[in-house]
Participant: 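Before I ask anything, let me first share the structure, which is written out below as structure tokens.
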Amino acid sequence: MAGRIETMRGRAGGLVRIGEPGDAGDTGRATAGRASVNAVTAAAEDSARRTLLTLAVRDYDDGDTEFAAGIDEQLSVVADWWCAPGAPEPFTHVPAPELRERYDVERFLHESKVREMRGRALVVFITGHGQLGASRTHFLQLPRTEPRRQLATAIRTSEIVAAALDSRAEHVLVVINTCYAAGIAEELEKLHQEILPSRRTGGSLDVVATCAHDQLVQVRRFPSVMRRVLERLRTTAQITTPWLSVAHLMTEFESELGTDTERRKHRLKRVLDGGGQTALTPCLPNPGYRPVRELVGPARRQVATPADEVDHWLDRASGRPQETDPGWYFSGREGLGRAITAFLGRPRGVLLLTGTAGSGKSAVLARAVTFSDPLFRDDPRYGPALRSAAPETVPPENSVTAAVLARHRTACDVLGDLLRALELRPRQAGPSDDPVELRRAQLMAHLDEPGDPVTLVLDGLDESVEPFRVVRDVLAPLTAHCGAAPALPGQRRPERQRSLRLLIGVRSSRPRTDRAAPAGPAGREAGLLGALREVFPTASVLRTDETDSESDIADYVQALVGDETSGVDSTRQAAETVAKRVWPSFLDARLAGEQLHHASDPGALADNPDWLELLQAGTIGLLRRDLALVEDEGLPPEVALALLRAAAFALGAGIPWSDVWPAVAGALLGRPLEEPDRMIENLLKSRLAGYLAHDDEDDRLVYRPAHEALAELLRDPRQDLLAGVGGDAV
């Protein structure tokens, strides 16, 4: 480019000179181009290499400074995306020297060895003026192109594209930002057939155009929109994969266009689909990707405690007086921990873990699943805490084989998750097959094989889409393997079949206040718990809402509040006050503990009659108080409630941010949200953040209420959750 020196950022972050402008003669440019390109191609054989080539025609000698500035903006945003400093796998940027005539382009393709270029990913960005010829051939215009001699003095854009597509790079993406760019589609369709079938199917070969076949390029629109897309991907899109698909790029680009007319006119066009619409491609790094630290292996991940929650107890909320104290998470609820650990030491059996909503069933299961995982046990960050936990509450390593969550899952989904957790690929059902029967037979065949004992953990049965079918078609057939029922007449048990331990978490309708009272006979209990006891009449039943769990709740609240502000005695007294009023709900205990933790004087708040009355009201009272106080954090209460309710109404694992969360919240609020992204950001930083959990679904970060009981409350139209908001908050 005239008057400038172009550089490229090397893989180690250094700069490699590519070329510098000479005079009008060709010799100086050729020498500079050869020397610069040779400096780059030394690493061409690196199979992991990722390369960005930019061919930009900037100076047409027509005095159009606006066009030249637009080209510069395009190159800037492309470099920011693909070659960002600090990116885990940045691309090596190879910009073409100044392109004035056809020979300059041909020389660049030759000297950069595009046709022989190897590596993991090759991205080619082409920008400048384009022209469709009489034969509908697309030409890249150059300063020395003669309008009446396109074949001789312009360059067919398809020559550049074909050089990249038929290179030796595994994955290729070409972006054409010229006038009439989509007009190249017919040419590429024919050229694509000349590429070996093994290459067409072995990687991905994609070409995207920014202009329709009859549209002039708006030189500054593309970089302006792309800059917003880049920011969107870094913030609100929250795509969780390290790479994007071409569909991701097109969707996010379209989201940043304004009106429907703009979307129809300026959306990206995929003129060659050689990789699949939704397939992730290493040609599109995700600038918003943040690696997730996995606490446990994939077989236990659905039920195990998230890493950030464990770190929460190790760091802020454990109330530990010194670094070696592991805090409440590792030492609390020891009675339940001992019972589950003892069960996991048996050869076979069924244990039903039950209790009312919010009584901590999932937390107890998650602790056992997490403690049994080898990845967690080998992590030096958790070694001291694990060793300091009471030994009789720590399950043996690998004592849990697979753990799945039934929340919002069908019986077929649950079976599929179990098979995958057991490292078995679910079989594809044919037109006449029942997928549940097919997958159940596959699971039973695995259990019938000789092998080590298997422990399956199923949590959230009551939150399944079809919980009673899960009991009938998934769990009931397992009775013989777990010793929960005698063999039927004529039924033979394989002598060496796997024994099975089955641990099921399910909600029951009311707390059991008399621990000494015997459980009723099988079939007397209503709901899912009754159905499970009919299927497993010899199963052990362990409740999380026994009367002695009140002391566990007090310990939990004390750990949440910490002793730094009010001292041990004052904090303990406040914790016991809370426990008496919220038992058996650990959910309410957590909400109350967070409010005490944020209070300037926790003891005074715990003595406040108005606040104690809120505690008596349970989750609804605590939520109303937090909604009343959140306005001080830059979030109107009615907007905060609309955002929480939107998350509660979301299907699947939760609601994604992007355009979806603001749209649903606006519909519930009855008006569009003003500054929706700022409102969501404020929510996630506010005291209400603890009301939400996050998950990963369809490659997006999604949000949902932290507990199903909270979601039910937010979905209930009869609840006036803003009652009292605007008055003096206690």
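Keep in mind that this is a model prediction, so the values were computed, not measured. The basis for the numbers below is simple: all heavy atoms, side chains too, and nothing from hydrogens, waters or symmetry mates.
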Participant: Measure the shortest side-chain to side-chain distance between D462 and P467 over non-hydrogen atoms and say whether it is less than 4.5 angstrom.
Facilitator: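 Side chain of D462 against side chain of P467, heavy atoms only: no contact under 4.5 Å found.
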
Participant: Using the rule given for side chain to side chain contact (heavy atoms under 4.5 Å, CB included), can you reason through L500 versus R348, listing the C-alpha separation, both sets of side-chain angles and the distance that settles it, and then say yes or no?
Facilitator: CA-CA 5 Å; L500 175 65; R348 64 178 69 224; 5.7 Å; no

Participant: So do H707 and T619 actually touch side chain to side chain, heavy atoms under 4.5 Å?
Facilitator: no

Participant: Would you confirm whether R338, through its side chain, and A390, through its main-chain N or O, come within 3.5 Å as a donor-acceptor pair?
Facilitator: no

Participant: Check whether any side-chain N or O of D698 sits under 3.5 Å from a backbone N or O of R700 as a donor-acceptor pair, and report yes or no.
Facilitator: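 No: the side chain of D698 does not pair with the backbone of R700.
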
Participant: How long is the span from the CG atom in D555 to the CD atom in E576, to the nearest 0.5 Å?
Facilitator: 9.0 Å

Participant: Scan residues 422-443 for pairs that pass side chain to side chain donor-acceptor pair (under 3.5 Å), counting only residues two or more places apart or in two chains.
Facilitator: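 Applying side chain to side chain donor-acceptor pair (under 3.5 Å) to every pair that reaches into residues 422-443, excluding sequence neighbours, yields nothing.
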
Participant: Side chains of P282 and E89: does their closest heavy-atom pair fall under 4.5 Å?
Facilitator: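 Of all side-chain heavy-atom pairs linking E89 with P282, none is under 4.5 Å.
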
Participant: Does the side chain of V400 reach to within under 4.5 Å of the side chain of D373, using non-hydrogen atoms?
Facilitator: no

Participant: I want to check something: taking the side chain as every heavy atom from C-beta on, are L714 and L721 in contact at a cut-off of under 4.5 Å?
Facilitator: yes

Participant: Specify whether Y703 and H694 have parallel, tilted or perpendicular ring planes, treating 30° as the upper limit for parallel and 60° as the lower limit for perpendicular.
Facilitator: perpendicular

Participant: For the pair T479 and V535, evaluate side chain to side chain contact (heavy atoms under 4.5 Å, CB included) and give the outcome as yes or no after the intermediate values.
Facilitator: CA-CA 8 Å; T479 53; V535 170; 3.8 Å; yes

Participant: At what distance, to the nearest 0.5 angstrom, does CD of Q595 lie from CG of L615?
Facilitator: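 CG of L615 is found 7.5 Å from CD of Q595.
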
Participant: Could you go through L344 and F371, starting from their C-alpha distance and side-chain angles, then the distance that decides it, and tell me whether this counts as side chain to side chain contact (heavy atoms under 4.5 Å, CB included)?
Facilitator: CA-CA 12 Å; L344 293 175; F371 276 20; over 6 Å; no

Participant: To the nearest 0.5 Å, how far apart are CG in L458 and CG in L503?
Facilitator: 9.0 Å

Participant: Please find the pair of heavy atoms, one from Y556 and one from A589, that lie closest to each other, and give the distance.
Facilitator: CD2-CB, 3.9 Å

Participant: Can a donor-acceptor pair be found, under 3.5 Å and without considering hydrogens, that links the side chain of E466 to the backbone of A411?
Facilitator: yes

Participant: Looking at R301, Q302, R300, which hits side-chain contact (heavy atoms from CB on, under 4.5 Å) with V404?
Facilitator: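 Among the candidates, only Q302 passes.
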
Participant: Nearest heavy-atom pair of T305 and R367: which atoms, and what distance?
Facilitator: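 Smallest interatomic distance, heavy atoms only, reads OG1-N, 3.9 Å.
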
Participant: Tell me the closest heavy-atom pair linking A402 and L422, and the distance in Å.
Facilitator: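 That would be CB-CD2, 4.2 Å.
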
Participant: Would you name the heavy atoms of R581 and Q616 that are closest together and state the gap between them?
Facilitator: CG-OE1, 3.4 Å

Participant: Any donor-acceptor pair under 3.5 Å linking the side chain of D545 with the backbone of S359?
Facilitator: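 Looks like no, no N/O pair under 3.5 Å.
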
Participant: Under the salt bridge (charged side-chain N to carboxylate O under 4.0 Å, His left out) definition, can you give me all pairs with a residue in residues 390-413, not counting sequence neighbours?
Facilitator: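 Residue pairs passing salt bridge (charged side-chain N to carboxylate O under 4.0 Å, His left out), neighbours aside: R377-E397, R407-E463, R407-E708, R409-D417.
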
Participant: How far does OG1 of T455 sit from CZ of F343, to the nearest 0.5 angstrom?
Facilitator: 7.0 Å

Participant: Taking T393's backbone N and O only, do any of them form a donor-acceptor pair with T341's side chain (distance below 3.5 Å, no angle check)?
Facilitator: yes

Participant: Examine distances only and state if a side-chain atom of R704 and a backbone atom of A711 form a donor-acceptor pair shorter than 3.5 Å.
Facilitator: no

Participant: Roughly how far apart are T401 OG1 and L418 CG, rounded to 0.5 Å?
Facilitator: 11.0 Å

Participant: Of L591, L688, L614, which meets side-chain contact (heavy atoms from CB on, under 4.5 Å) against L623?
Facilitator: L688

Participant: Begin from the C-alpha positions of V364 and F586 and carry the test side chain to side chain contact (heavy atoms under 4.5 Å, CB included) through to its verdict.
Facilitator: CA-CA 11 Å; V364 171; F586 275 80; over 6 Å; no

Participant: Does the side chain of P705 come within less than 4.5 Å of L644's, by heavy atoms?
Facilitator: no

Participant: Which pair of non-hydrogen atoms, one from A531 and one from F468, has the smallest distance, and what is that distance?
Facilitator: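 Heavy-atom minimum between the residues: CB-CE2, 3.9 Å.
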
Participant: Is it the case that D459 and S362 place a side-chain donor and acceptor less than 3.5 Å from each other?
Facilitator: yes

Participant: Ignoring hydrogens and geometry, is there a side-chain-to-backbone donor-acceptor pair from H597 to E594 under 3.5 Å?
Facilitator: no

Participant: Using modelled atom types only, decide if a donor and an acceptor are shared between the side chain of R501 and the backbone of R346 within a distance under 3.5 Å.
Facilitator: yes

Participant: Is the backbone N or O of L461 less than 3.5 Å from a side-chain atom of S464, with the two atoms forming a donor-acceptor pair by type?
Facilitator: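 Absent.
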
Participant: Do T544 and L336 have side-chain heavy atoms sitting under 4.5 Å apart?
Facilitator: yes

Participant: At what distance, to the nearest 0.5 angstrom, does CG of L478 lie from CD1 of I504?
Facilitator: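 That separation rounds to 8.5 Å.
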
Participant: Check L295 against Y382 and note the closest heavy-atom contact, atom names and distance.
Facilitator: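 Scanning both residues completely, I find the closest heavy atoms to be CD1-CE1, 3.1 Å.
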
Participant: Side chains of L643 and W661: closer than 4.5 Å at any heavy-atom pair?
Facilitator: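 Yes, their side chains come closer than 4.5 Å.
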
Participant: Answer yes or no: is there a donor N or O on one side and an acceptor on the other, between the side chain of N286 and the main chain of T241, under 3.5 Å?
Facilitator: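 Yes, N286 side chain to T241 backbone: donor-acceptor pair under 3.5 Å.
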
